[in-house]
Engineer: 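Dropping a structure here in structure tokens format, bear with me for questions.
None of these values were measured; they are calculated from a predicted model. We're numbering straight along the sequence, starting at 1.
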Amino acid sequence: MREFLPELKKDADESDSRTLGLITFAVAFIGSFMCVVNIFTRCWEMAAISGGISLWCILIFIIFKKSGSLFAVSAGTLSAIGVMMMYFLVTGGVDGFSIVWLLLVPPIGIYCYKLYYGGAFSILLGVLIAIYLWTPLHELGYAYSDTYLLRFPIVYFFDTIVSVYINYKLWLSHKQQKELLEMSERANNTKGDFLANMSHEIRTPMNAIVGMCELILRESDISPAVREYCFNIQNSGRSLLSIINDILDFSKIESGKMELILDEFNIASTLNDVINMAVTRKEDKDIELIVRADPDIPIGLVGDEIRIRQVIINLVTNAVKFTQKGCVVIKVTQTKHDYGINLSVSVSDTGIGISPENIEKLFNSFQQVDTKKNRSVEGTGLGLAISKRLIKSMGGFLNVSSVYGSGSEFRFVIPLKVSDSRPFISIKDADKIHAAGYIDLNKFENRRVAQEYQTLIAELGEGLHTDIELLATADDLKAAVESKKYTHLFAAKDEYLANEDFFKEQSRDKTVVVVQDRQGAIDIPSHMKCIYKPFYSLSVASVLNNESILTNLNERRDSSIRFVAPKARILIVDDNIINLKVAVGLMRPYHMQVLTADSGQAAISMLRSKDFHLVFMDHMMPEMDGVEATRAIRAMEGDYYKKLPIIALTANAVNGARDMFISSGFNDFMPKPIEMSSLDRVLKAWLPKELIKAPSGEMRYPGGDRRKPRTQTAQPQKKDGLISEETGIFYTGGDREAYNDILGVYVRKSGEKLEQIKDLFEKKDWKNYVIEVHALKSSSLTIGAKQLSEMAKELELAGKGGDIRLIEEKNGALLEMYSKVAAEGAERLGISLTPAEAETAAPSDETPAEETEVLPEMASEKLSEIIKRLYSACDSFDGDEISAACKETEGYSFNGKALKPLFDSVCADAEDFEYDSAREKTEKLAAEFGLSEV
């Protein structure tokens, strides 16, 4: 009973307060109405009681609105009802009928006020009824018959017991239902946690496998057999990841956690991704990929482009998988409606087809049809099930038709809103273009291919609103050229080779375009153009508009990197050493300064230097995970920590991971294994634009055809001294200017870093000591101080292994070498260190002093002009102008002092965006030179 009553009270306290408030208001209204009626009938006693009840309920309602107390509204209203019922009992009404109203109190009261309040009130009222009717008190009121006096309390209690029992069963049922829902929610959460952990646990080693294979493929001294093995491992790993993604997607849909993200997109981008995937998947299969896209589809559509692309890729992948000869046709059309358009996408093929009995099984989960026949085809059987559910969630439908042995067609239609109604493909001066396409249709064994190409050319002319005709023989082409004035001639590769001289002659006054596959492509003369298959509206429009022709994105990605950022400083945080090596290796082609941290706390310590441009933060780490570390960074003082781009680098790709990371303070999300396309996108999106530059001709991404070994790249030779300039320039991508900037930052921060290492050593704070020497190891190697980097690495490993004795023995030597390296760097750059820096970074006694060079004196008028320019540039935050002005002091002196070292600190402050400090230093220099009047 002790546990039962609190549960009943809790249930009553969870009642709908708005409903109880309305009941109170209703009782007040009824009381007011009865009061008015009784006044008119001159029943003053009843008018007073009903009016009093009305006023009482109004007061209760006001108290309830202010306090929200369920107890107040329940007890107050029930007491008013109780008074009214007892009045009915005493007066009897007409022929004693009012007593019947009391029988309504238990079912209504218990239902509205639950068992705790309503049941207690009904029992209390029953006790009062029994006392009144079974004692002489009944003689004071209406004269009930003996039958009423005896039986009514019994009937009332029976009514109360039945009402209590019914509502108890309802409460019990509700309680059990609530427990089942809670169990279901816990099970669902457990399932989600399991999926998240499974995703992390599988993706983490897969990241190492795929990433290490990528690094091995970049090596130049491995045998062709090993290279082929690595390539196969990498492809198999990606296939496994595709299966994992299918399972996770299906689980998200099943649990209702798959959310559609509506955004504006261009169908051209979607088609390019699909085509590049299909071409890669097709490899050397003897099939034609044909794309028939309506050029009038609006350029701005609103929908979940990622999911739409996923569905199309799934359908195209299946078509390519199950087709050995013939063609795969992708058709994209539209129908216009008031709300926008219905986008229709169909994928048909000339593959093996599907038997009628298996069509019903197509969209079942974890099931492949015709398993025996398709045993060699990998997959989970989830792709179509996921696709159908995604299309349904978008408000569309997906259906299939197939002829066993001849091919299949999958088609889906989805409604989309339109944000920009202009066509996504258009031709400039379409009326001035006359084009002919030469394809020998007889070369195709499958007649379906010839028919599709005929249809494609006809649709191109109509859709692009220009004159394009198809010619099937060389004789027809030559005759047409003599009779018509063409501006463009398109020819398939074989047809071009068979009539090469003719096309070269025609290219003098016409645009000749060769259409060919990427595999086995031929070189064509520079004054001709080439487009790769598939031959479709977007590539044709690029030629007709004389625009750059789109090429295969995968091919471009493999052959060269798109940009480098040698001045960028990147921090990668991950507790897994292999993952750190993989990430560092994958980022090496961008020639950035990459430092690593193996914990969230280490990352926070390293970021106190405020000299990182981007952070990649792993999610699941011990002690402090990535989310906690990111929140701690955002909570640190200063705009730097609020604006620093932090990218979630995680193997957890389920349950709305992106939204969770963004809400936790991350700027973006990149799943593991790291794909070069994702890495390229993230770096370009979040690195400061001024740090990104085009790669030089020698900065080739070590890709190309990675199955083939590459020639050995000569390593830079180390120079005499503690700093090898060649090594430093090598690590900064061959950019001498970037190397000098990085070396300058290294030298200027050396005094501060030396003091930090000394302080941590003296405090025996080995945890943070390890973090600092770890950072010193990476930054020293970047500038070419390999000996110092190796020494820092030795002490880092000693700290991690608890070998404090080794640290105590070699810390002094580390600091001494750090001082010498900083001094050597300062000397090379001509940087004048502050007294504190000069003390900590003094040149070695072993280094012979060079004779001071006598520099020409700068005229005071010229120096005044430079200082004025610096004032103005500091006030307008113009770093380029400050750099240019300081550069003009190079090679000059004033009052016997070399100017460049003095103005270098001004320039350095500007590079760090410390314009107020740069202004102050300029003013001090002006006063020192006696030029304060400027």
Side-chain angles (χ1 to χ4, degrees), residues 266-282 287-299 301 308-309 312-313 315-317 319-320 323 326-334 343-350 409 411 423-427 430 433 435-439 441 444 448-470 488-493 495 511 513-519 521 529-555:
N266 186 343
I267 195 67
S269 174
T270 309
L271 284 175
N272 274 333
D273 289 344
V274 171
I275 288 168
N276 285 324
M277 182 285 308
V279 169
T280 303
R281 185 82 193 190
K282 183 173 81 75
I287 58 177
E288 292 288 318
L289 182 64
I290 300 172
V291 179
R292 294 163 50 192
D294 180 2
D296 288 329
I297 293 174
I299 193 172
L301 300 176
I308 295 171
R309 182 174 63 223
I312 301 175
I313 285 177
L315 298 181
V316 173
T317 300
V320 173
T323 304
C327 62
V328 171
V329 182
I330 305 170
K331 184 179 179 182
V332 186
T333 58
Q334 63 160 338
L343 182 71
S344 173
V345 179
S346 74
V347 179
S348 57
D349 61 67
T350 56
E409 180 182 7
R411 175 174 175 266
F424 88 102
I425 302 174
S426 59
I427 303 296
I433 292 173
Y438 172 33
I439 305 174
L441 299 179
F444 299 114
R448 167 80 183 278
V449 181
Q451 293 169 4
E452 289 291 345
Y453 270 121
Q454 286 177 317
T455 305
L456 172 64
I457 299 296
E459 289 179 348
L460 281 175
E462 183 179 352
L464 296 176
H465 309 290
T466 190
D467 177 24
I468 302 177
E469 60 180 309
L470 174 64
H488 296 76
L489 294 179
F490 294 85
K493 182 183 77 171
E495 286 80 338
T511 301
V513 186
V514 179
V515 184
Q516 57 181 330
D517 283 308
R518 290 177 174 89
Q519 287 193 342
K529 290 190 176 182
C530 167
I531 58 176
Y532 293 113
K533 290 182 180 180
F535 177 74
Y536 78 115
S537 49
L538 191 58
S539 56
V540 172
S542 297
V543 172
L544 298 183
N545 287 328
N546 198 28
E547 297 172 347
S548 59
I549 302 168
L550 297 170
T551 58
N552 184 291
L553 296 179
N554 293 326
E555 178 184 83

Engineer: Within the 4.5 Å heavy-atom criterion, are N272 and L538 side-chain neighbours or not?
Structural biologist: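 Side chain of N272 against side chain of L538, heavy atoms only: contact under 4.5 Å found.
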
Engineer: With a 4.5 Å heavy-atom cut-off, do L315 and V345 have their side chains touching?
Structural biologist: no

Engineer: So, taking the atom named CG in L544 and the one named CD1 in I427, what distance separates them when rounded to the nearest 0.5 Å?
Structural biologist: 4.5 Å

Engineer: Between V329 and R292, which heavy-atom pair has the shortest distance, and what is it?
Structural biologist: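 Distance-wise, the nearest heavy atoms are CG1-CD, 4.1 Å.
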
Engineer: Are any non-hydrogen side-chain atoms of H465 and P295 less than 4.5 angstrom apart?
Structural biologist: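 No, too far: nothing below the 4.5 Å cut-off.
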
Engineer: Any idea which heavy atoms bring C327 and T350 closest together, and the distance?
Structural biologist: N-OG1, 3.0 Å

Engineer: At what distance, to the nearest 0.5 angstrom, does CG of L271 lie from CD1 of I297?
Structural biologist: 7.5 Å

Engineer: F444 and I439: which non-hydrogen atoms are nearest, and at how many Å?
Structural biologist: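 In terms of heavy atoms, the two residues are closest at CE1-CG2, 4.0 Å.
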
Engineer: L464 and V540: which non-hydrogen atoms are nearest, and at how many Å?
Structural biologist: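 It is CD1-CG1, 4.1 Å.
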
Engineer: Identify the two heavy atoms, one from A293 and one from S537, that lie closest to each other, and give their separation to 0.1 Å.
Structural biologist: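 Of all heavy-atom pairs spanning A293 and S537, the closest is O-OG, 3.3 Å.
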
Engineer: Please test V515 against K533 for side-chain contact (heavy atoms from CB on, under 4.5 Å), starting from the C-alpha separation and ending with a verdict.
Structural biologist: CA-CA 6 Å; V515 184; K533 290 182 180 180; 3.9 Å; yes

Engineer: Do the side chains of V274 and I330 get nearer than 4.5 Å, heavy atoms only?
Structural biologist: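 A side-chain contact exists here, since the closest heavy-atom pair is under 4.5 Å.
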
Engineer: Please name the residue in the list R448, K331, E409 that meets the side chain to side chain donor-acceptor pair (under 3.5 Å) test with S348.
Structural biologist: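 Only one of R448, K331, E409 forms a side chain to side chain donor-acceptor pair (under 3.5 Å) with S348, namely R448.
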
Engineer: What's the shortest heavy-atom distance between D517 and A521, and which atoms?
Structural biologist: O-CB, 3.4 Å

Engineer: Less than 4.5 Å apart, any side-chain heavy atom of I267 and any of L343?
Structural biologist: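 The answer is yes; the side chains approach within 4.5 Å.
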
Engineer: What's the separation between atom CG in N546 and atom OG1 in T511, rounded to the nearest 0.5 Å?
Structural biologist: 7.0 Å

Engineer: Is there a side-chain contact (heavy atoms from CB on, under 4.5 Å) between I433 and I468? Walk through the geometry before answering.
Structural biologist: CA-CA 8 Å; I433 292 173; I468 302 177; 5.9 Å; no

Engineer: Does Q454, at its CD atom, have more than 12 non-hydrogen atoms belonging to other residues, nucleotides or ligands within less than 6.0 Å?
Structural biologist: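 Above 12, so yes.
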
Engineer: Is any side-chain heavy atom of I275 less than 4.5 Å from a side-chain heavy atom of Y536?
Structural biologist: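 A side-chain contact exists here, since the closest heavy-atom pair is under 4.5 Å.
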
Engineer: Using 0.5 Å steps for rounding, measure from the CG atom of D296 to the OG1 atom of T333.
Structural biologist: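 The OG1 atom of T333 is 11.5 Å from CG of D296, to the nearest 0.5 Å.
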
Engineer: Distance from D349 atom CG to T323 atom OG1, nearest 0.5 Å?
Structural biologist: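 OG1 of T323 is found 3.5 Å from CG of D349.
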
Engineer: Test F535 against every option in Y438, Y453, F490 by the ring pair (Phe, Tyr, Trp, His ring centres under 6.0 Å) rule and name the one that passes.
Structural biologist: F490

Engineer: May I ask you to test the P534-I290 pair for a side-chain heavy-atom distance under 4.5 Å?
Structural biologist: no

